[in-house]
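A, B, ... follow the sequence lines: proteins, then strands. Residue 1 opens every chain.
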Amino acid sequence: MPFRPSRVTSTPAIKAPMILSVLEKIGSDAAIMELATIAARAASGRTSVYYASASQGEAQLARIALGKGWTIDELDERVTPTLGMDAEGGLTLSYGTRSVRVGFDETLSPYFRVDGERVRALPVKRKTDDAAKVKEAKKIWDELKEDVGVIADRRIRAMERAMVTGRRWDVPTFRATWLDHPLMVHLARGVVWLCGDATSSVWAFRVAEDRSFSDENDAMFDLSRATWVEVAHPLRLREERVAKLTRMFSDYELIQPFPQLAREAPQLTDAEASAQEISRPRTPGGAQQLSAALLQTGRWRQERSRPK
Amino acid sequence: MQRIFPDEQTYAEAIFDDASTSVNVKFWRGTEQLSPGRIEPIMVAEVLRDCEIVQPG
């Protein structure tokens, strides 16, 4: 079994920085993948034997990305682990005489298929099962669910960030990042995408279970006409299309990994657009509480002085 | 409170009154104040959403 530093839960303090440094020097996708996993675990609040704080891991990844000429999101996309998932985006665990199929929904929450039934918990051992294989399956599952949780948290935030910033992928990169990756494809099925060509034509589509594409009328959609793809912000979709797609997602019982179709998308009035500032009433809630909540999003910072 | 936009030159400034019953939002690029109409609409929407300006319902 290969050495996985991200699986080490205790190591002498003096060795931990050395391991991080060696991984950075190796610089291969696999090495960076390990670093990204370690950093993501630290950032998710787990006690880390490697980083004293979550920001240290992020700083190291940012340095690596800068050296390679990538953004941190581009780095993440290139090194997102597949965690041994097969081409269908799942995994089969052996219980000896029977097997348990692990699958994921559109939020990367796992489920199991046992005897045709979909269940949320790993099935308990039966008398007819092979005890050693069940034990091994449980070990694989315990490690897998922890890693998937870390990856889901990180990639869902990146996906939402891409929507807000209007980040675009060319079609081959979109396919490699979101469709061909056995874990990311599950997230891809949970959102509405926008694509367009060199003219001003824009189309909305979703990724179906079989990885084909459907438009807002649930008709087959041909992505080959597009040159770019982005995560659709509801403001770009317009209200009528949002309503139509919301019904479609509800019909297919698709769960969105973050608020997209249900996202509030306030627009400026004509007067506000030409004014110097926006002034709006809001639901009372306490300025301090609101400030704390905004700071927690990581998108805001406290600034006492006015820009000079 | 300030929100930094992706290009790190443009940002929003939100100031709430003490009871948090209203908010004033200004946009800046460097030291120049920009009217909201000159900002990418998605960015404006996200800032307003963050500020919980939209009333429930």
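Most heavy-atom pairs under 4.5 Å with chain A: of the set B:Ile42, B:Leu34, B:Val44, this distinction falls to B:Ile42.
With sequence neighbours excluded, the residues that form a side-chain contact (heavy atoms from CB on, under 4.5 Å) with A:Asp218 are A:Arg206, A:Ser214, A:Met248, A:Tyr252.
When heavy atoms are compared at a cutoff of 4.5 Å, A:Gln276 approaches chain B by way of both its backbone and its side chain. For chain B, no part of A:Arg161 is nearby; none of its heavy atoms comes within less than 4.5 Å. B:Gln33 touches chain A through backbone and side chain together, each having a heavy atom under 4.5 Å away. Residue B:Ile39 does not touch chain A at all, counting heavy-atom pairs closer than 4.5 Å.
Looking at A:Ser279 and B:Asn24, their side chains do bring a donor and an acceptor atom within 3.5 Å of each other.
Taking each heavy atom of A:Glu74 and A:Thr71 in turn, the nearest pair found is OE1-N, 2.9 Å. For A:Val171 against A:Ala226, the heavy-atom pair with the smallest separation is CG2-O, 3.4 Å.
Using a cutoff of 4.0 Å between basic side-chain nitrogens and carboxylate oxygens, A:Asp251 and A:Arg247 are not scored as salt-bridged.
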